[in-house]
Chemist: 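Questions regarding the structure given below will be posed in turn.
Just so we're on the same page: letters track the sequence lines, and every chain starts at 1.
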There are 2 protein chains.
Amino acid sequence: MTEIRGDVPIGTAARRSGVKVPTIRYWEEIGLLGVSPRSEGNRRLYDAAAVRRLAFIRHARELGFEVEAIRTLLDLQDNPGQPCSPADSIARARLADVEARIAQLEALKHELRRMIEGCSHDTISHCRVIEVLTDHAECRHHVR
Amino acid sequence: MTEIRGDVPIGTAARRSGVKVPTIRYWEEIGLLGVSPRSEGNRRLYDAAAVRRLAFIRHARELGFEVEAIRTLLDLQDNPGQPCSPADSIARARLADVEARIAQLEALKHELRRMIEGCSHDTISHCRVIEVLTDHAECRHHVR
DNA sequence: GCTTGCTCCTCCAATCGCTGGAGAATGTAG
DNA sequence: CTACATTCTCCAGCGATTGGAGGAGCAAGC
């Protein structure tokens, strides 16, 4: 491949950043990337900075940041003179989310363990798994 | 409301089961509920068993079981003579999922903590949050 | 120069599990 | 009889991709 000034087509950018091709196009569509320059034959071109941006977004997504949060983080990255407290509070909010989710999953884990350990592996009519689901169904739930 | 033989309309079933009205209709549509009997005026009617089934499904969803798994669990519940090992393995698979997810979230939690704690709360150009995202972006990722 | 095969383009539909709105019909209380 | 609440069906949208169809471009070998 002929890389003029280090510009590569989307497939190469995908391989280098670890982001799938359709995902890159999607991110462009929703405005995370700005408009990519195009070749004469209308192919998108990515330079090193663009590939870094892709990997930045990928990592943020892996950390569970929502696209809207990432949009803000990218804006901040693009304006390095600003205070970093917005970035900080996005990360703190995400941490709180993660901790809440872990707590919830721990509760689920214990309930699942109780279901499984209490099961005599007999027929369904004595199955603890089905029983817990059925009986718990009777309980008065917290409304929202 | 006139409850002949304990049959109630969808709103009441929703309140009693803790499932939203559109969700009940959706579950019927995808075949989790079978066909509800209808009143003369074409309204769906739910007896106590139907309401229990709704709460069963709701609880299973709260435990994170996918709809396909719930379909199987409901089939099993409807045929109590069968061995309970399928139910057991569905629950075990879900437990494994939950444990894997917890482990993943713990890793994210630590990474987020490192990001936040290392941040000097200065400007973006020195922000640890942005930095970690950017630098980690360089690393060679594990593919999937 | 021409064919082969890969990559790229755009557009659109599907995923999962709901959720909610539009507009009409039916039921209930005063 | 008149309000008002509830229900009906149908359909579109969410978030964040993912993948297919059908067509065009591009690089390499003959």
Chemist: Can you pull out the residues from residues 25-39 of chain A that lie within a 4.0 Å heavy-atom distance of DNA chain C?
Modeler: A:Arg25, A:Arg38

Chemist: In whole Å, what is the span from the CD1 atom of B:Ile57 to the P atom of C:dG17?
Modeler: 13 Å

Chemist: From CG of A:Leu45 over to P of D:dC26, roughly how many Å is that when rounded to an integer?
Modeler: 11 Å

Chemist: B:Thr23 or A:Gly41: which one's nearest nucleotide on DNA chain C is closer to the 5' end?
Modeler: A:Gly41

Chemist: Count the heavy atoms belonging to other residues, nucleotides or ligands that lie under 6.0 Å from CD of A:Glu131, then report whether that count exceeds 12.
Modeler: yes

Chemist: Does a side-chain N-to-carboxylate-O contact under 4.0 Å join B:Arg25 and B:Glu28?
Modeler: no

Chemist: Provide, to the nearest angstrom, the distance between the CZ atom belonging to B:Arg15 and the P atom belonging to D:dT7.
Modeler: 7 Å

Chemist: Of the nucleotides C:dC8, C:dG20, D:dG19, which one has an atom closest to the side chain of A:Pro9?
Modeler: C:dC8

Chemist: Under 3.5 Å, side chain of B:Arg92 to main-chain N/O of A:Ile116, donor-acceptor pair present?
Modeler: no

Chemist: Expressed as a whole number of angstroms, how long is the span from A:Ile10:CD1 to C:dT7:P?
Modeler: 13 Å

Chemist: List in chain and number order the residues that pass salt bridge (charged side-chain N to carboxylate O under 4.0 Å, His left out) with B:Arg43, two or more places apart in sequence or in another chain; answer none if no residue qualifies.
Modeler: none

Chemist: Separation of A:Ile24 atom CD1 from D:dG19 atom P, in whole Å?
Modeler: 14 Å

Chemist: Under a 4.0 Å threshold between the charged nitrogen and the carboxylate oxygen, would A:Glu99 count as salt-bridged to B:Arg113?
Modeler: yes

Chemist: Using a cut-off of strictly less than 4.0 Å between a heavy atom of the residue and any atom of DNA chain C, enumerate the qualifying residues of residues 64-73 of chain B by number.
Modeler: B:Glu66, B:Val67

Chemist: Side chain of B:Arg43: nearest nucleotide among D:dA24, C:dG27, C:dT19?
Modeler: C:dG27

Chemist: Verify the contact: side-chain N or O of B:Arg44 to OP1 or OP2 of D:dC8, cut-off strictly under 4.0 Å; return yes or no.
Modeler: yes

Chemist: Go through the steps to decide whether B:Leu33 and B:Ile24 satisfy the test side-chain contact (heavy atoms from CB on, under 4.5 Å), and finish with yes or no.
Modeler: CA-CA 9 Å; B:Leu33 305 181; B:Ile24 296 177; 4.1 Å; yes

Chemist: Pick one: which of A:Arg38, A:Glu40, A:Arg44 meets side chain to side chain donor-acceptor pair (under 3.5 Å) with A:Asn42?
Modeler: A:Arg38

Chemist: Starting from C1' on C:dT7, measure out to CD on A:Glu40 and report it in whole angstrom.
Modeler: 17 Å

Chemist: Go through A:Arg101 and A:Val98 one step at a time and tell me if the side-chain contact (heavy atoms from CB on, under 4.5 Å) criterion holds.
Modeler: CA-CA 5 Å; A:Arg101 186 83 183 118; A:Val98 167; 5.7 Å; no

Chemist: Should B:Glu106 and B:Lys109 count as an ion pair when the cut-off is N to O under 4.0 Å?
Modeler: yes

